[in-house]
Amino acid sequence: MDSRTKGKTVMEVGGDGVAVITLINPPVNSLSFDVLYNLKSNYEEALSRNDVKAIVITGAKGKFSGGFDISGFSEIQKGTMKEPKVGFISIDIITDLLEAARKPSVAAIDGLALGGGLELSMACHARISTPGAQLGLPELQLGVIPGFGGTQRLPRLVGLTKALEMILTSKPVRAEEGHSLGLIDAVVPSAELLTTARRWALDIVERRKPWITSLLKTDKLPPLGEAREILKFARGQTRKQAPNMKHPLMCLDALEMGIVSGPRVGLEKEAEVGSQVISLDTTKGLIHVFFSQRGTVKVPGVTDRGLMPRKIKKVAIIGGGLMGSGIATALILSNYPVILKEVNEKFLEAGIGRVKANLQSRVRKGSMSKEKFEKTMSLLKGSLDYESFRDVDMVIEAVIENISLKQQIFADLEKYCPQHCILASNTSTIDLNKIGERTKSQDRIVGAHFFSPAHVMPLLEIVRTNHTSAQVIVDLLDVGKKIKKTPVVVGNCTGFAVNRMFFPYTQAAMFLVERGADPYLIDSAVSKFGMPMGPFRLCDLVGFGVAIATATQFIENFPERTYKSMIIPLMQEDKRAGEATRKGFYLYDDKRKAKPDPELKKYIEKARSISGANVDPKLVKLSEKEIIEMTFFPVVNEACRVFAEGIAVKAADLDIAAIMGMGFPPYRGGIMFWADSIGSKYIYSRLDEWSKTYGDFFKPCAFLAERGSKGAPLSAPVEQARSRL
Ligand SMILES: CCCCCCCCC[C@H](O)CC(=O)SCCNC(=O)CCNC(=O)[C@H](O)C(C)(C)COP(=O)(O)OP(=O)(O)OC[C@H]1O[C@@H](n2cnc3c(N)ncnc32)[C@H](O)[C@@H]1OP(=O)(O)O
């Protein structure tokens, strides 16, 4: 393969008259333009050769195709690749050359057929798959739409309702379900895939099997009136669930066009809309997130050294509270045997009970069988001492945030655990060097910072100190992957990456309220921006105890930029500590529904009188845009500090940390990507102005000032970062 080309296809013609065309573009046989143009020429050759009666399309190395090469979208967005004529691939190649050919084709699907991969297979005249293969159209998740005919062929193969579900949720189905839906014609073992597909293709030639043109099928489509109703409902749901995104509605337009005016017009609409969505900002954000998420496991100086992860056979967890039990749940769910240690029987029982409850909730929801529940629970053993720690490969300490307690635990661990054992702490704020001060095992001490609930939240901050060995990080990255977390490797400091970014966000909200802004309007503006909830609703959810403990760490470590508000401590004094007490910034009913509380004013006024802050008429009347800027530019400022200090190695890691740890909307690409879409100059000028009026909380850091003065992108690599790693 030429080093400049991205993938290819190869064609082999057998003595049976079947041409097998194989898609080859590791690792997932994505459909790059090179692959697609090769496919076209192989196909043309197969159609012109007299010794070819039928065609089978398959993918190399156990994967049909992961879809269109996503980097092609980035290149089109950047202008480094020219877009082909609208509809050239989907209409000229896939429909008119492949589907309308005089010779039948069969897709032999192993492993996966996603996006363009599934669309290509749907244009074939039959599909044979291996068991368990994933079949789906996940394009919307990337900000694009199915663009190789998927909006037209899927509803015709599986029916409108199922097609909408698959497209709008981006969730794949397994081959077995695909078979019962009519998407797949037969499911056969991997070893029989090609022979079955070849035979099937010849059977079509001989009219022993039907020659089905998916695009022309109508039997699964509902009558027009019903279809319109279904689509109207889907539109309403989409508007509600994704109010800031245009592409799902544009996708529905293409789908509807095909149903109302016929598949050919539908294909044309799909091609037109497919080309338009590529340049949407939300699409740029989502594609950036796709690659950034996969990039977090590439850590310069660590994962490029040829180290192989060691096998972690057994894990011990110290502390069975909310975090410890959540971490234990995540581990046993991925088949790691776990020892859960507590200080007494009562706490141990409670810890094991929490793990049990976490799993039982899956059984109740039907996502786990009773047998699987029993089997998973059997991986968990309780302990009150360290004797059983003698053969563990990793310990995760998850006790309360008390330095001397953690120091004692780590000193004990050094005595009981084997020499190779990884010693991890789930601390969310405390310096790991301090935690390990009383040990000689600095090289195997690492942070494994999970987010609550640990068995649900997707992010894992892996915190390394100056001494943590690369091997330990490689091992933890592997565990992270196995327990289905997205790991982000960060340096050691108070709050690491996520909490450091979180803190100014809630602080800015408190500042605005003390100066007269309405907390409920702030929450509403922030939710409309795309956060799962606003800062005040979030404080209620987390609980004021946690909010105060975190604030204390920040006040201690970053006093110059901490805004000290008394609102939360004052409410806490009155035993309103958030949702758990049914009163916080909101009032909560039996169903935990939040409603504004007129009494909140009292606490705000009291806090104002303590801090001496005055109501600022400008801040009382902030627009939604201004609210977003005043709450999120301080976050950008802190993210810049984290980046400049080398706590995060790549700006893209901060994007993922913000999305998965804070709930920052993925379609905005993450905090640094979003900031760059606004421009460093503007952000710097706003913060600079506010700092002059309102104080150092808003003061732009040196990194932002430098890049802002030049209008340089904030996410460009830090050349001479003062690395603390
Ligand atoms: C006029 C405009 C002209 C252009 C017309 C375009 C029309 C578009 C047509 C089409 O409808 C659009 C699409 O097909 S979009 C793509 C749809 N497919 C997906 O969304 C699948 C994305 N991939 C995944 O979900 C997963 O990667 C996987 C395939 C399930 C595999 O998961 P696994 O955990 O095993 O591995 P990963 O770490 O995720 O991935 C491994 C590496 O593979 C890279 N990769 C995966 N999929 C693609 C892809 N579609 N394109 C390019 N690269 C892909 C991934 O980035 C990883 O790379 P590394 O370098 O990090 O190893």
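Remember, it's 1-based here, ligands and their atoms both numbered in the order they're listed. Positions are given from 1, in the same order as the sequence printed here. Everything numeric in this text was worked out from a predicted model, so none of it was measured.
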For Glu139, atoms of ligand 1 separated by under 4.0 Å from a heavy atom: 10 (C), 11 (O), 12 (C), 13 (C), 14 (O), 15 (S)
Please report whether ligand 1 has a polar contact with Gln134, defined as an N or O pair separated by less than 3.5 Å (distance criterion only). no
Report the nearest protein non-hydrogen atom to atom 44 (C) of ligand 1: residue, atom name, distance rounded to 0.1 Å. Pro27 CG, 4.4 Å
Nearest protein heavy-atom contact for atom 6 (C) of ligand 1: which residue, which atom, what distance? Phe73 CE2, 3.9 Å
Report the C-alpha separation of Lys311 and Asp393 in whole Å, then their side-chain angles, then the decisive distance to 0.1 Å, and conclude whether the salt bridge (charged side-chain N to carboxylate O under 4.0 Å, His left out) test is met. CA-CA 8 Å; Lys311 193 164 166 51; Asp393 305 302; over 6 Å; no
Atom CZ of Phe233 with >12 non-hydrogen neighbours under 6.0 angstrom: no
Nearest protein heavy atom with distance in Å, relative to atom 22 (C) of ligand 1: Phe290 CE1, 3.5 Å
Note the single closest protein heavy atom to atom 51 (N) of ligand 1, along with its residue, its atom name and the distance in Å. Ile70 N, 2.9 Å
Which option out of Leu112, Leu36, Asn29, Leu31 puts a heavy atom nearest to atom 29 (C) of ligand 1? Leu112
If you scan the protein for heavy atoms around atom 39 (O) of ligand 1, do you find one that is closer than 4.0 Å? yes
Is there at least one pair of N or O atoms, one from Gly147 and one from ligand 1, spaced under 3.5 Å apart? yes
Within-cutoff protein neighbour (heavy atom, under 4.0 Å) for atom 32 (O) of ligand 1: no
Option whose closest heavy atom lies nearest to atom 19 (C) of ligand 1, chosen from Gly66, Gly67, Ser65: Gly66
Have a look at ligand 1 and work out which part of Ile145, if any, has a heavy atom under 4.0 Å from it: side chain, backbone, both or neither. backbone
Nearest heavy-atom contact between Ile109 and Ile184 is CD1-CD1, 4.1 Å
Could you identify the single nearest non-hydrogen protein atom to atom 13 (C) of ligand 1 and state the distance to 0.1 Å? Phe68 CB, 3.3 Å
Could you establish whether Pro84 and ligand 1 come within less than 4.0 Å of each other, counting only heavy atoms on the residue side? yes
At less than 4.0 angstrom from any non-hydrogen atom of Arg294, what atoms of ligand 1 do you find? 24 (C), 26 (C), 27 (O), 37 (P), 38 (O), 39 (O), 40 (O), 55 (C), 56 (O), 61 (O)
Closest non-hydrogen protein atom to atom 60 (O) of ligand 1, residue and atom name please, with distance? Lys298 NZ, 3.2 Å
Verdict with reasoning, Ile91 to Arg264, per side-chain contact (heavy atoms from CB on, under 4.5 Å): CA-CA 9 Å; Ile91 301 177; Arg264 187 80 192 181; 3.1 Å; yes
Give me the one residue out of Val106, Ile212, Val187, Leu157 that meets side chain to side chain contact (heavy atoms under 4.5 Å, CB included) with Arg127. Leu157
For the aromatic rings, using the six-membered ring if either is Trp, is the centroid distance between Phe33 and Phe88 under 6.0 Å? no
Can you sort out which atoms of ligand 1 are near Gly115, meaning under 4.0 Å from one of its heavy atoms? 14 (O), 17 (C)
Looking at Thr130 and Ala133, would you say the former's side chain and the latter's main chain have a donor-acceptor pair under 3.5 Å? no
Tell me whether Glu83 has any N or O atom under 3.5 angstrom from an N or O of ligand 1. no
Between Phe290 and Arg294, is there a cation-pi geometry (under 6.0 Å to ring centre, at most 45° from the normal)? yes
Atoms of ligand 1 close to Leu142 [distance to a heavy atom under 4.0 angstrom, numbered from 1]: 15 (S), 16 (C), 20 (O)
Report yes or no: does Gly150 have a heavy atom closer than 4.0 Å to ligand 1? no
Counting only N and O atoms by type, is there a donor-acceptor contact under 3.5 Å from the side chain of Thr213 to the main-chain atoms of Leu215? no
What protein heavy atom sits nearest atom 48 (C) of ligand 1, and how far away is it? Val28 CG2, 3.7 Å
For Pro146, the ligand 1 atoms whose distance to one of its heavy atoms is below 4.0 Å: 11 (O)
Taking only Lys NZ, Arg NE, NH1 and NH2, and the carboxylate oxygens of Asp or Glu, determine whether Lys481 and Asp478 approach each other closer than 4.0 Å. no
Is a side-chain N or O of Arg156 found less than 3.5 angstrom from the main chain of Gln152, in a donor-acceptor match? yes
Ser334 side chain to Leu331 main-chain N or O, any donor-acceptor pair under 3.5 Å? no
Whether His288 and Phe673 hold their rings parallel, tilted or perpendicular, with breakpoints at 30° and 60°: parallel
Under 3.5 Å, N or O to N or O, is Gly116 touching ligand 1 that way? yes
Could you tell me whether atom 36 (O) of ligand 1 has at least one protein heavy atom nearer than 4.0 Å? no
For a side-chain contact (heavy atoms from CB on, under 4.5 Å) check, start with the C-alpha distance between Thr486 and Leu460, then their side-chain angles and the critical distance, and finish with the verdict. CA-CA 6 Å; Thr486 297; Leu460 170 64; over 6 Å; no
Salt-bridge present (Arg310, Asp475; N to O < 4.0 Å): yes
for atom 7 (C) of ligand 1, nearest protein heavy atom and its distance come out as Phe148 CE2, 3.5 Å
